[in-house]
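What follows is a set of notes on a single structure, which appears directly below.
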Amino acid sequence: MRFYIIILLLACWACSESKPSNRLPEDQMAEILADIHLDEGKISALNIVSADTSVILYNQLERATLKRHGVDSTSFAKSFASYVQEPQDFIDLYKRVNAALAKKQLLKK
């Protein structure tokens, strides 16, 4: 009987709706993603023929962006994966990313 109670408690615990505590805050994550998307646009505008060169350049820009925001790549990847697993959180995050990109576009003009 104890075995079934323990299994039931574990199942309830696994299904609880708690957001991961190691997730980067939505505002910070949105700013990072906006900068990463701008980096992707810069690379695309260069019209580099070699895909390998594009990937190397992208990796360098991504590292620089994460360093500028004070985030390591592992924390970013885990946080991104956490947002992807929660569709509504991911939608909310990308609303902020779009707002951040629009703001950066206005500042650029």
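This structure is a prediction, so every number in the text was calculated from the model and none was measured. Throughout, residue positions are numbered sequentially from 1 according to the sequence presented.
The OH atom of Tyr94 sits 8.0 Å away from atom CE of Met29, with the distance rounded to the nearest 0.5 Å. Atom OG of Ser75 is separated from atom CD1 of Ile32 by 9.5 Å, given to the nearest 0.5 angstrom. Atoms CD and CD1, from Glu31 and Ile36 in turn, are 11.5 Å apart once rounded to the nearest 0.5 Å.
For the pair Ile91/Gln88, a side-chain contact is recorded, criterion being any heavy-atom separation below 4.5 Å from C-beta on. The closest side-chain heavy-atom distance from Lys95 to Asn98 is not below 4.5 Å.
For the pair Ala30 and Ala100, the tightest heavy-atom approach, listed with the atom from each and the gap, is O-CB, 4.5 Å.
Shown here are the side-chain contact (heavy atoms from CB on, under 4.5 Å) partners of Leu57, two or more places apart in sequence or in another chain: Ile43, Leu46, Ile48, Gln60, Leu61. Take Asp35 and apply the side-chain contact (heavy atoms from CB on, under 4.5 Å) test, not counting sequence neighbours, and it matches Leu38, Thr65, Arg68, His69, Lys104. Evaluation of the ring pair (Phe, Tyr, Trp, His ring centres under 6.0 Å) rule for Phe76 yields no partner, not counting sequence neighbours.
Judged by distance alone, with hydrogens and angles left aside, the side-chain atoms of Tyr83 form a donor-acceptor pair with the main-chain N or O of Glu26 at under 3.5 Å. With hydrogens and angles ignored, the 3.5 Å screen pairs no side-chain donor or acceptor of Ser82 with any backbone N or O of Arg23.
Hydrophobic clustering (ILVMFWY, side-chain heavy atoms < 4.5 Å, transitive): Leu66 and Ile56 are in distinct clusters.
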